[in-house]
Number of protein chains: 2
Amino acid sequence: MERGRGALGPALELVHTGRAPTRAVLTSELGVTRATAGAVAAELEALGLIQVDARPGAPAGSQGRPSHRLSVAPDGPVVLAAQIHADGFRAALVGLGGRMVATAPGCMTVPSDPSHIIDAVVEAGAGLLRETGRRCLGAGLAVPSAVAEPEGTALNPLHLSWPAGAPVRTLFTEALAKAGVPGLGSATAVGVTGNDVNLAALAEHRHGAGRGAQHLLCVATGHRGVGGALVLDGKLHSGSSGLALEVGHLTVNPAGLPCHCGSRGCLDVEADPLAFLTAAGREPGPEGSLLQQSRELLRSEYGDPSVRAAAELLIDRLGLGLAGLVNILNPDRVILGGLHRELLDADPERLRAVVADRSLWGRSGSVPILPCGLDHNSLIGAAEAAWQPVLDDPLAVLG
Amino acid sequence: MERGRGALGPALELVHTGRAPTRAVLTSELGVTRATAGAVAAELEALGLIQVDARPGAPAGSQGRPSHRLSVAPDGPVVLAAQIHADGFRAALVGLGGRMVATAPGCMTVPSDPSHIIDAVVEAGAGLLRETGRRCLGAGLAVPSAVAEPEGTALNPLHLSWPAGAPVRTLFTEALAKAGVPGLGSATAVGVTGNDVNLAALAEHRHGAGRGAQHLLCVATGHRGVGGALVLDGKLHSGSSGLALEVGHLTVNPAGLPCHCGSRGCLDVEADPLAFLTAAGREPGPEGSLLQQSRELLRSEYGDPSVRAAAELLIDRLGLGLAGLVNILNPDRVILGGLHRELLDADPERLRAVVADRSLWGRSGSVPILPCGLDHNSLIGAAEAAWQPVLDDPLAVLG
DNA sequence: TGACTTTGTGCCGACGCTAAACAAAATAAG
DNA sequence: CTTATTTTGTTTAGCGTCGGCACAAAGTCA
């Protein structure tokens, strides 16, 4: 009777990622008949998730009957997304399509007790929901630490002065329950929590510079240390216990600084913002995160020989690490975030040359290396993770 | 009308890997009704792929009606599998379940022209088919080199004196056509060709020490260099262009030997059979492969302090490399082959300790490290790759 | 204005499954 | 030895979902 139940999830994902602007391409992307695609679109519209324009869209010189445009419902449900970083936190409501509907930055200093900041994050999010009156289908949180699966504990929140092993997922879920966030009573997506770089990679793959990539590698550095993430065939690969892509301990400078892991010259200590400031002969100042200070220095004083030399040194180290990763993972695209993105912008040719030189075959070494293309990609990624149950099976969530 | 078409492939894979010994477990594994599972089994039996025992199997003290055992058809179709290695080649006919039906080792010295040995391999396989009169549904070849996708060219056949970039898949397919191997006229699986360690990993996952693993990492060394492979959720991860898991150039000894890749102390030159013989103060002899000589030395003279010291040195280097891979890939099982398997057998505790010590968290470092569990796993893996189209959709092949 | 091209919808039938009743083959209990 | 129980396997009926097809709609091109 009702047609197009099996394809409901894939269809929503296509509209969500902007790959199905019309019912016609939805038909071909799903590999179903026009009748089925039409029924799917109608069902998604009835669920309030997508919108079908009444008037046909721009013909653009093409022949045939113009198609009605499909887009994400602008007033549809949202998810609560949040991110904790070195300088505080940010909470937001995010709709389908990665659209930020409302946001509340919080510049609170991160306390040593993770439950305090998580409570504050959730309270900010609940406030946004009250203000906007939006329906909420899930919640996601990005933390700057590896998150062990399936427990959801933060294993190395090095620069947050948190205790190792903090049960962030439990704290987040409990805070959501305590705050009485409407719509999250029985939702599947309550309290999705993950590593910030992992979630950023997911967001970049869906809405940013990673669109269309089959095997996407992301590497980024924010405050201290280096994080990595891998998206395979649209799915985040976080390993069997959530600890994959801990790329910070690749050796990139055998005679380098000692690292807390017991080795020397790890990417973590040789290619993060602190390493850059040190290499440029600057003392980290008290104001702003190390990333902000590094970015400022790189952008405004790139003419200074010591700054330029420091940048080239970090590019060379980063390139060595990337080459190792490319040899192991053979991605078809690499995206850089944080300071690494700035370094790429500063001298893209140098970085690409180092990677190509150290890769085993020109083939894999010529992989495109791009800057990340989204603002707040960790936050959007947290939203993506929260949306996932809806994308998998809209009917199961919205029955 | 006909029941159980969609589940035909998954059902065959369950019987193939021994995870569905009866129709009852087939029912629960597939998540379908008994009726559907029964129809699926009947269909597979009608296709000549599986066998349903006439007499019920061992009751084993259980209540209820005893179930009939499902097994792979012993006289069913086969695939042609072949492997080329440093000492020559081996061809075999392999049935479902990884059963070797007939085999023909060839100890020919590998010539510098790859087409000669590939022709010889195919001729040997065709001879086996003529002798046995079996129906052949596909063919697979394992080569000791990275194989670029989608071209199917061997990029680094270092110890075969082949030219880099030899089009092994084309050569294999053409040789199959020339030899007139019956049943391969229009088969989808004609000329599946891949890296030997990759295929070995696939075989270990299906029939060997990797059964049940979700994220399986395999590392092995045969003659020269070190190879790696990763099986994710039952599927081989070979990267976007077939070049993933080139693990040989992880740095494991910063002050070590120069490597052709331009770096020093790579796993490739620090943890292969030649490195072991050298560390033990032995000259490689003219007879037998370096793996055979190393294995002999390790097994018969482990009491000799220089041999033992060499083994421990290689274990430490291998452990360092494995720790790096574990940090990046976070597998839930690691399998070692070739000389690495011998080193593991020689001192399992030492290797596990090194890996655990260098892993970032005890959690990921305590990953089980096991010796490979199959003889001729690359050969069986080549057969698995050849079987894949049948496992994906039996009707499409046997229509 | 009419032919053509492409998009969207309604109807029917077929395919592949579930559900449920029934049958079969063993063990356990009386 | 008979009967109840448990688990497995089969048959039948029915239904949901999708493909095929015809038709309608809305534009371009000649």
Side-chain angles (χ1 to χ4, degrees), chain A residues 1-12 14-15 19-47 50-71 393-396 399, chain B residues 1-12 14-15 20-47 50-71 392-396 399:
Chain A
M1 193 127 88
E2 285 297 332
R3 196 152 24 183
R5 294 301 184 82
L8 218 54
L12 181 58
L14 285 169
V15 178
R19 282 176 294 162
T22 68
R23 269 181 284 222
V25 308
L26 188 63
T27 300
S28 61
E29 288 291 317
L30 290 177
V32 296
T33 58
R34 285 201 299 271
T36 304
V40 167
E43 178 89 30
L44 290 175
E45 191 180 24
L47 289 171
I50 75 167
Q51 202 182 22
V52 182
D53 286 9
R55 302 301 320 147
S62 65
Q63 272 194 58
R65 175 175 170 175
S67 37
H68 300 212
R69 297 204 73 77
L70 301 181
S71 57
D393 188 352
L395 282 180
Chain B
M1 191 121 89
E2 285 297 333
R3 198 153 22 186
R5 295 302 184 83
L8 218 54
L12 180 58
L14 285 168
V15 178
T22 71
R23 266 179 286 218
V25 309
L26 187 63
T27 300
S28 61
E29 289 290 319
L30 289 177
V32 297
T33 58
R34 286 201 298 274
T36 304
V40 167
E43 178 89 30
L44 290 175
E45 192 180 21
L47 289 172
I50 74 168
Q51 202 182 21
V52 182
D53 286 10
R55 303 299 322 147
S62 65
Q63 273 194 60
R65 173 176 172 174
S67 39
H68 300 212
R69 298 203 73 76
L70 301 181
S71 57
D392 286 340
D393 188 351
L395 282 179

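Proteins get letters first, then strands, A, B, ... in listed order; numbering begins at 1 in each.
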Protein-nucleotide distance (B:L70, atom CG; D:dT8, atom P), rounded to Å: 12 Å
Matching residue for A:V40 among A:V15, A:T27, A:L8, A:L14 - test: side chain to side chain contact (heavy atoms under 4.5 Å, CB included): A:L8
Counterpart residues, side chain to side chain donor-acceptor pair (under 3.5 Å), relative to B:D392 (two or more places apart): B:Q388
Phosphate OP1/OP2 of C:dG16: any B:T36 side-chain N/O under 4.0 Å: no
Value rounded to 0.5 Å, distance of CG in A:L70 from CZ in A:R19: 14.0 Å
When you compare the protein's N or O atoms with those of nucleotides 11-14 of chain D, which come within less than 3.5 Å of each other, and at what distance?
residue: D:dT12; atom: O4; partner: B:R3; partner atom: NH1; Å: 3.0
residue: D:dT12; atom: O4; partner: B:R3; partner atom: NH2; Å: 3.4

Whole-Å distance separating the CZ atom of A:R5 from the C1' atom of C:dC17: 16 Å
Touch class at under 4.0 angstrom, heavy-atom based, for B:A39 against every strand present: nothing
Rounded distance [0.5 Å steps], CD1 in A:I50 versus CG in A:L12: 7.5 Å
Atom-to-atom span, CG of A:D53 to P of D:dA26 - whole angstrom: 15 Å
Set of side chain to side chain donor-acceptor pair (under 3.5 Å) partners for B:T36, sequence neighbours left out: B:T33
Sugar-phosphate only, base, or nothing, as touched by A:R23 at under 4.0 Å among non-hydrogen atoms: sugar-phosphate
Interatomic distance, A:L395 CG vs D:dG16 P [rounded to whole Å]: 15 Å
Neighbours of DNA chain D within residues 25-32 of chain A, by heavy-atom distance under 4.0 Å: A:G31, A:V32
Nearest-Å distance for atom pair CZ/P, residues B:R65 and C:dA26: 9 Å
Touch class at under 4.0 angstrom, heavy-atom based, for A:R34 against every strand present: base
Partners meeting side chain to side chain donor-acceptor pair (under 3.5 Å) with B:Q51 (sequence neighbours left out): B:S71
Pair B:L395-B:L47, side chain to side chain contact (heavy atoms under 4.5 Å, CB included): steps then yes or no: CA-CA 8 Å; B:L395 282 179; B:L47 289 172; 4.2 Å; yes
Nearest-Å distance for atom pair NE2/P, residues B:H68 and D:dT10: 7 Å
Of A:A24 and B:V40, the one whose closest DNA chain C nucleotide lies more 5': A:A24
Atom pair NE2/OG1 of B:H68 and B:T22 - distance to nearest 0.5 Å: 10.5 Å
For B:R34, side chain to side chain donor-acceptor pair (under 3.5 Å) partners two or more places apart: none
